[in-house]
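In each ligand, atom 1 is the first atom listed, and ligand 1 is the first ligand listed. Given the structure is predicted, the values throughout are model-derived calculations rather than measurements. Values below: all heavy atoms of this structure, side chains included; hydrogens, waters and symmetry mates excluded.
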Amino acid sequence: MVGVMAKIAPSMLSSDFSNLASEADRMIKCGADWLHMDIMDGHFVPNLTIGAPVIESLRKHTNAYLDCHLMVTNPLDYVEPFGKAGASGFTFHVEVTKDNWQELIRDIKAKGMRPGVALKPGTPIEDVYPLVEDEVPVEMVLVMTVEPGFGGQKFMPEMMNKVRTLRKKYPSLDIEM
Ligand SMILES: O=C(CO)[C@@H](O)[C@H](O)COP(=O)(O)O
């Protein structure tokens with residue numbers, strides 16, 4: 001078992017978006033390793049949150065790792081703008097990339113970001129195996145323990161079975177939840 005250090009990546013979804021830079025500083029001062037940025041398009045999920053311009057503005061104020069979770073129907077459209085904006089991680093959903101995840105991973109890496117894949121609670125863990133085992137793999141799997149689209153939801157403990165299965169199969173894989 002390769003030692004995998006745990007990281008703290010608080011979602012900024014419930015922060016005061018009118019003071020994002022100071023909220024980001026506060027999170028880092030409180031011990032956050034990454035800042036988790038929930039990007040929602042109002043189509044893949046009902047909510048609409050922030051886009052590349054906000055990431056670009058925040059990047060001017062922090063060197064923190066911006067761990068972007070793209071809850072969007074067409075993630076390929078967001079790679080260029082998020083790469084230019086200074087996003088660190090780009091995690092897309094497996095549910096909407098059945099046909100183009102290989103192109104997407106290569107594009108994300110070409111833009112200097114770290115590729116990750118997320119799966120909803122109802123999606124079987126096996127659906128991400130090809131993306132983890134590809135010759136150009138994702139570098140992280142986000143196991144959703146809530147339905148995507150809203151903050152403040154109740155943790156779904158049954159999702160921990162997916163985490164245990166992933167950890168057993170891929171001892172050194174970065175797993176986010
Ligand atoms: O992707 C999501 C929800 O869509 C997660 O990043 C978190 O659920 C965000 O909010 P909190 O639950 O931490 O308040």
Side-chain angles (χ1 to χ4, degrees), residues 4 6-55 57-59 62 64-79 81-82 85-97 101 104-105 108 113-125 127-128 131-132 138-163 166-167 173-177:
V4 179
K7 294 182 185 70
I8 307 293
S11 163
M12 300 297 287
L13 189 59
S14 44
S15 57
D16 172 4
F17 279 7
S18 67
N19 288 299
L20 208 50
S22 51
E23 293 276 74
D25 285 346
R26 184 166 65 91
M27 291 298 108
I28 297 298
K29 285 196 176 85
C30 289
D33 297 296
W34 292 0
L35 299 177
H36 185 81
M37 312 302 296
D38 288 301
I39 314 300
M40 302 180 191
D41 66 356
H43 184 260
F44 178 71
V45 292
N47 265 328
L48 185 61
T49 56
I50 60 172
V54 175
I55 298 297
S57 300
L58 182 58
R59 176 51 78 210
T62 181
Y65 186 95
L66 301 181
D67 169 37
C68 297
H69 173 197
L70 279 292
M71 289 167 271
V72 302
T73 300
N74 300 300
L76 204 54
D77 297 344
Y78 293 74
V79 176
F82 272 72
S88 311
F90 187 107
T91 299
F92 56 88
H93 267 266
V94 71
E95 295 88 358
V96 289
T97 54
W101 56 262
L104 189 52
I105 294 170
I108 292 165
M113 297 179 286
R114 190 169 184 260
V117 65
L119 65 161
K120 292 178 173 181
T123 300
I125 192 65
D127 283 15
V128 302
L131 289 79
V132 177
V138 290
E139 297 172 29
M140 183 174 78
V141 175
L142 168 53
V143 177
M144 299 279 318
T145 58
V146 295
E147 285 301 332
F150 303 91
Q153 299 176 77
K154 197 168 176 307
F155 177 78
M156 299 166 73
E158 63 275 23
M159 290 299 118
M160 289 310 291
N161 291 328
K162 287 186 182 178
V163 176
L166 264 188
R167 175 54 71 234
L173 174 67
D174 244 359
I175 302 171
E176 187 173 31
M177 45 184 260

(request) Kindly state each residue pair satisfying side-chain hydrogen bond (donor to acceptor under 3.5 Å, both in side chains) with at least one member in residues 85-95, sequence neighbours excluded. (result) Arg59-Ser88, His69-His93, His93-Glu95, Glu95-Thr123

(request) Would you list the pairs meeting salt bridge (Lys or Arg N to Asp or Glu O under 4.0 Å) in which at least one residue belongs to residues 19-28, sequence neighbours left out? (result) Glu23-Arg26

(request) May I ask you to decide whether Asp67 forms a salt bridge with Lys7, counting only side-chain N to carboxylate O separations under 4.0 Å? (result) no

With the criterion set at N/O pairs under 3.5 Å, what does the list of contacts between the protein and ligand 1 look like, atom names and distances included?
unit_1	atom_1	unit_2	atom_2	d
ligand 1	1 (O)	Asp38	OD1	3.0
ligand 1	1 (O)	His69	ND1	3.3
ligand 1	4 (O)	Gly149	N	2.7
ligand 1	6 (O)	His36	NE2	3.3
ligand 1	6 (O)	Asp38	OD1	2.8
ligand 1	6 (O)	Asp38	OD2	3.0
ligand 1	12 (O)	Gly152	N	3.2
ligand 1	14 (O)	Gly152	N	3.0

(request) Just grab all the salt bridge (Lys or Arg N to Asp or Glu O under 4.0 Å) pairs involving residues 27-41, residues at least two apart or on different chains. (result) none

(request) Pick out which of Leu13, Ile50, Val72 makes a side-chain contact (heavy atoms from CB on, under 4.5 Å) with Met40. (result) Leu13

(message) Please give me the minimum heavy-atom distance between Phe44 and Met71, naming the atom from each residue.
(response) CD2-C, 3.5 Å

